[in-house]
Amino acid sequence: MEKSESTSGDTPQPWQSYHTVFTNAKAGMDGVDKERVQRIVYEMSKGSKYFENEERKEAFTRRKLESMRAQCAMLTAADISNNRTVADRRILELEATRDLTRIWLHVDMDAFYAAVETLSNPMLKGKPMAVGGMSMISTANYEARRFGVRAAMPGFIARKLCPELIFVPVDFKKYTYYSDLTRKVFQKYDPNFMAASLDEAYLDITNVCKQRGITSGEIAEELRTSVYEETGLMCSAGVGPNRLLAKVCSDINKPNGQFILPNDRLAVMTFISSLPIRKIGGIGKVTEHILRDVFGINTCEDMLQKGDFLCALFSRSTADFFLSVALGLGKTETPQVMLRKSISNERTFSATDDEAFLHQKLSDLAEMLSSDMQKEGLLGRTLTLKLKTASFEVRTRAVTLQKYICSSEDILKYASKLLKDELPVSLRLIGLRLSQFNTDMVGAPSETRQKTLTDFLISGVANRKSTSDNSSLGSIVDSHEICSYEDRDLLDGSHLPDLEDKHTISNKVNSPHPKSRQNAVTGLLEADSSSVEFRCNSLDEVNKRANLLDDEAVSSSNQGELLLWVNDYKCSLCGFELPLGFVEERQEHSDFHLAERLQKEESRSETRTLMPRHRFSRKENIGSQSKGKKQKISPKDKGHIPIDMFFVKSCQNF
DNA sequence: GGGGGCGACGACG
DNA sequence: TTCCACGTCGTCGCCCCC
C-alpha cells in the first residue's frame, strides 16, 4: 500500500505513521504527492484532541496486532495442519456455491455532488471545488483530488492542501432530483435495481442482455450514454457475475469508464488473485492493517494461501468472508425486501458541558427523530443515545423499552434519563437512534395502519366481550391493534411490584399508529378488577368506548382517566388513598393491580411465554447498570487483549 | 450453553 | 478566521439469566 512507502530516505518521519481515512488513494488521485498530503494532514492535526484520540485508537490497534502475532507464533505445526484442512474444506464448500448465471452491473456517478453543482454553475468547471464546509467535505471534483483533497476530509485541511479550493454548500434537494433522473434510466434496464446510495446502484442485467441479444459491455455503454443524455452527468460502470465484483470493476476505469469481467471462473480467479485487499468493499483501514501486518496478506490470492491462519484466528463468519472474497464470490440474488433496521439523528457542535444546552440539543434531536419515525410510520423500542466527548471518545447508551415509541415526548423522556447518567460531561456530539421496530408496521403505508374509530370500537368491543366472561387478560392483550397497556416509566420501574408481569403484558402489545397517538387521550378502564388502558383520538371516543363496555361502575372526575377511584380518592380494590392530583401515581397504582392480576392469570396458564427475568432487573437499575458497565475494566485498559478479541467485520455486500 | 441486551468498533458513501 | 460529519448496518465480546 502506498501509504507505507517512504520517499524521504531511511529516517521515518512522524507523519508517515499517521493514517486517516482520507490518506488512502481514491479514484482520480493517482498523481497525488502522497508524501506532501500526509505531511500536511499530520501537521494540521498534530496536538489536537482529534489527533490524540486517533493515537489512542492506533495504540489499541497496535496492541491487537501484537496479540494476534503472538497467537500466530503459538500455533503448532499440528494446529496449522488442522486449520489447513478446515480452510480447504471451507474453500470447497464455498466454491460449490459459486453462481455464474447472473450478470450484475454496478453504476457509480463520478464525483456526483460536485458534478451536480458544476451543472448548475458552469463557472465551477475546471476549477478545484469541494462540496461541504470547513468542518467536512462530502465530495471533491477531480481537479481538487489532484491536490489530495477528497471526501471525508475536513475543509480546513483541504484548503491548506489547495488554497484556491472553492467550497460549495451541500444541497441534498438538488442531488436527490438528479439521482431520481438517473434511477429512471436504471429502471429501464432492471426494474428491481438496488440503489446503494444517491449516486450508486446495482442492476441485474441478465434478462436485458438475453432479451436484446447484446453483451453486458454494450448495455453498460448504452446505460452510461443514456444517463449522460438525461442528466448531463457522467458515470462509471462495472460488470461482473456478482455485486461484489461489479462494485470492484466500476472503480477500475473511473471516471467515465467501464470494466467488464466475464462470467467465467478462470477470468474471475485471474482478476481477483492480484487484487489488493483494500479494493474489496468491507475491508477498510483497520482490517487491511491487520491482514497485512499480521499475516502478510496484500492480495486476494494471499488470502487464499493464508486460509489456515485466517481460520485459526478469526471467527467462522469472518474467515468465511475472507475466503469468499479470495474466491471472487459475492451475492447474486436480488433481495425481495430490504427493511430498515434503525433510524437515527446526530448533530455535532462546539464542545460544551452546559447542561441546559445539551438538553436543548437532545430535545431538538428527539423532535427530528420523532418526525422521521412518523414520516416512515415506524415505532421502535430500543433507544440509543450516542455521545462524543470533547476528547472524541464515542459512547453509546441504550435502553430497550417494553413499549414501542415514536413521539418526541417519549423519546426525550428516555433519552434524558440516559443522558443524565453521563453528566457532568463535555460533549461535541449527541445522537439518538431508535431500533427494534414493530415489524407489523415496517414498510406498510401509514394510512393503512391507522385504525379508524370504527375499527377501534368494533374490535375493541368484540375483544372485550370475548374476554370479559373469564376476565382473561391474556386474551385482551392479544388484541394488540386496539388496546395498549401503557407501560409506565420503566427506567424508574422500581415502583412496580412485579416487573416481570408488567413486561409480559406490554411485550405483547403494540402501540397505536403514530398519527393516532399524536392527539391521543389516555384512558384507563377498570373492569373485573383488571385495568386496561387504551387510547382514543378524542375525549368523545374515550367516553363512547367506556359506555360501550357496559361494565361495572366507572367513575372519574378526570375525563381522560376512568379508573375506579371511590369518591375520586380511594382505590376500590385495596382502599389505597390517592388524591386526584396524583395522576402518575394513580396510573402506577393501577399498573400494580394489573400486574397482580396478571400474576394470577399466569399461575393458571403455563403456555404463555415469559421474557427473561434479568431484563427487568436491568431496567429497574438502568442508571446503576450503565454505571456498572462503565466501571467495567475493558481489556484494553488492562493492557492486554484476550485471544478472541478481534472485530474484523464481514461484509454485507459480498 | 443459548439468547437477548448492551457497548464498542469497523466500514461505506 | 474557520479546526475532523452524518446515517446506517454489521460483528464481536461481555454480562446476565434461565
Side-chain angles (χ1 to χ4, degrees), chain A residues 20-22 26 41 44-51 53-54 57 60-61 64 108-109 112-113 132-139 151-160 167 170 172 196-200 247 278 280-290 314-318 321 338-351 369 372 381-382 384-386 388 392-400 428-429 431-433 435-436 610-619 622 625-626 628-630 632-636 641-653:
Chain A
T20 72
V21 284
F22 45 83
K26 205 174 154 62
V41 169
M44 297 287 292
S45 305
K46 183 174 60 174
S48 67
K49 298 270 188 203
Y50 177 83
F51 183 86
N53 191 57
E54 287 298 298
K57 291 198 295 192
F60 181 44
T61 306
K64 261 199 314 198
D108 192 344
M109 303 301 295
F112 183 55
Y113 297 175
M134 272 308 146
S135 62
M136 194 54 68
I137 285 175
S138 292
T139 312
M153 177 182 272
F156 66 94
I157 291 178
R159 172 150 289 178
K160 184 81 176 177
F167 286 88
V170 179
F172 275 104
S197 62
L198 281 181
D199 69 327
E200 273 184 54
K247 164 93 175 154
R278 189 68 154 88
I280 302 292
I283 298 182
K285 187 181 77 164
V286 174
T287 310
E288 181 201 21
H289 198 169
I290 290 171
F314 291 100
S315 71
R316 162 82 181 248
S317 70
T318 304
F321 167 64
M338 291 185 71
L339 292 180
R340 174 199 278 284
K341 298 195 175 60
S342 69
I343 188 163
S344 62
N345 270 296
E346 62 188 58
R347 285 294 175 273
T348 298
F349 41 84
S350 303
L369 183 57
D372 290 348
R381 61 188 280 260
T382 297
T384 306
L385 173 73
K386 177 179 171 181
K388 196 186 275 181
F392 287 86
E393 177 206 350
V394 177
R395 297 180 197 166
T396 58
R397 300 289 179 257
V399 62
T400 298
R428 54 173 292 111
L429 174 144
L432 284 176
R433 179 168 73 237
S435 53
Q436 286 221 57
L610 266 182
M611 296 300 284
R613 183 179 295 272
H614 74 272
R615 286 167 60 178
F616 303 104
S617 54
R618 289 171 73 98
K619 297 295 178 281
I622 184 73
Q625 178 261 336
S626 67
K629 284 257 184 189
K630 273 179 283 173
K632 211 168 48 187
I633 301 169
S634 72
K636 61 186 172 189
I641 300 161
I643 281 171
D644 52 353
M645 191 171 170
F646 309 120
F647 50 80
V648 181
K649 69 159 285 187
S650 296
C651 174
Q652 65 259 36
N653 248 345

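Residue numbers start from 1 in every chain, and the chains themselves are labelled A, B, ... in the order their sequence lines are given, proteins ahead of strands.
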### Partner set under ring-ring contact (aromatic ring centres under 6.0 Å, His included) for A:Phe167, not counting sequence neighbours
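In terms of ring-ring contact (aromatic ring centres under 6.0 Å, His included), with neighbours along the sequence ignored, A:Phe167 is linked to no residue.
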### Query
In chain order, what residues pass the ring-ring contact (aromatic ring centres under 6.0 Å, His included) check against A:Tyr113, with sequence neighbours excluded?
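Expected list: A:Phe172, A:Tyr175.
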As a test of reading the structure: which of [options] is closest to the side chain of [X], going by heavy atoms?
X: A:Met134; options: B:dG10, C:dT2, C:dA5; value: C:dT2
X: A:Thr318; options: B:dG13, C:dT11, C:dT8; value: C:dT11
X: A:Glu346; options: B:dC6, C:dG7, B:dC12; value: C:dG7
X: A:Arg428; options: C:dA5, C:dC6, B:dG7; value: C:dA5
X: A:Thr287; options: C:dC6, B:dA11, C:dC4; value: B:dA11
X: A:Asp199; options: B:dG13, B:dC6, C:dC9; value: B:dG13
X: A:Thr400; options: B:dA8, B:dC9, B:dG5; value: B:dG5
X: A:Glu200; options: C:dC4, B:dG13, C:dG7; value: B:dG13
X: A:Ile157; options: C:dC4, C:dT8, C:dC12; value: C:dC4

### Query
With sequence neighbours excluded, what pairs up with A:Lys57 under the side chain to side chain contact (heavy atoms under 4.5 Å, CB included) test?
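In terms of side chain to side chain contact (heavy atoms under 4.5 Å, CB included), with neighbours along the sequence ignored, A:Lys57 is linked to A:Asn53, A:Glu54.
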### Message
The criterion is side chain to side chain contact (heavy atoms under 4.5 Å, CB included); which residues satisfy it with A:Phe156, sequence neighbours excluded?
### Response
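Listed in chain order: A:Met44, A:Met134, A:Pro154.
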### Query
Of A:Lys57 and A:Ala196, whose nearest nucleotide on DNA chain B comes first from the 5' end?
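By nearest-heavy-atom nucleotide position, the 5'-most residue is A:Lys57.
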### Message
Here's a test of your reading of the structure: between A:Asp108 and A:Thr396, which maps to the more 5' nucleotide of DNA chain B?
### Response
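On the 5' side of the pair lies A:Thr396.
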Reckon [X] touches a base, only the sugar-phosphate, or nothing at all at heavy-atom distances under 4.0 Å?
X: A:Ser135; answer: sugar-phosphate
X: A:Lys160; answer: nothing
X: A:Glu393; answer: nothing
X: A:Arg159; answer: base
X: A:Leu429; answer: sugar-phosphate

### Query
Nearest heavy-atom pair of A:Ile283 and A:Glu288: which atoms, and what distance?
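A:Ile283 and A:Glu288 have their closest heavy atoms at CG2-N, 3.9 Å.
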### Query
Taking all non-hydrogen atoms of both residues, which atom of A:Thr384 and which atom of A:Ala398 are closest, and how far apart?
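Answer, listing the atom of A:Thr384 first, then A:Ala398: OG1-CB, 3.6 Å.
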### Query
How large an angle, rounded to 10°, do the end axes of the helix from B:dG1-C:dC18 to B:dG13-C:dC6 enclose when each is built from five base pairs?
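Inter-axis angle at the ends, rounded: 10°.
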### Task
Select from A:Ile137 and A:Arg433 the residue whose nearest nucleotide in DNA chain C is closer to the 5' end of that strand.
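Per heavy-atom nearest nucleotide, the more 5' residue is A:Ile137.
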### Task
Nearest-nucleotide wise, let me know which of A:Arg316 and A:Lys341 is further upstream toward the 5' end of DNA chain C.
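With A:Lys341 and A:Arg316 compared, the 5'-side residue is A:Lys341.
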### Query
Can you check the A:Arg347 CZ to C:dC6 P distance for me, whole Å?
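Distance check: A:Arg347 CZ to C:dC6 P gives 6 Å.
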#### Entry: salt bridge (charged side-chain N to carboxylate O under 4.0 Å, His left out) against A:Arg316, all qualifying residues, sequence neighbours excluded
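Only A:Asp320 meet the salt bridge (charged side-chain N to carboxylate O under 4.0 Å, His left out) criterion with A:Arg316.
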### Message
Is there a salt bridge (Lys or Arg N to Asp or Glu O under 4.0 Å) between A:Glu346 and A:Arg433? Walk through the geometry before answering.
### Response
CA-CA 8 Å; A:Glu346 62 188 58; A:Arg433 179 168 73 237; over 6 Å; no
### Task
With P as the reference atom in both, quote the distance from B:dA11 to C:dC4 in angstrom, rounded to an integer.
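About 22 Å, rounded to a whole number of Å.
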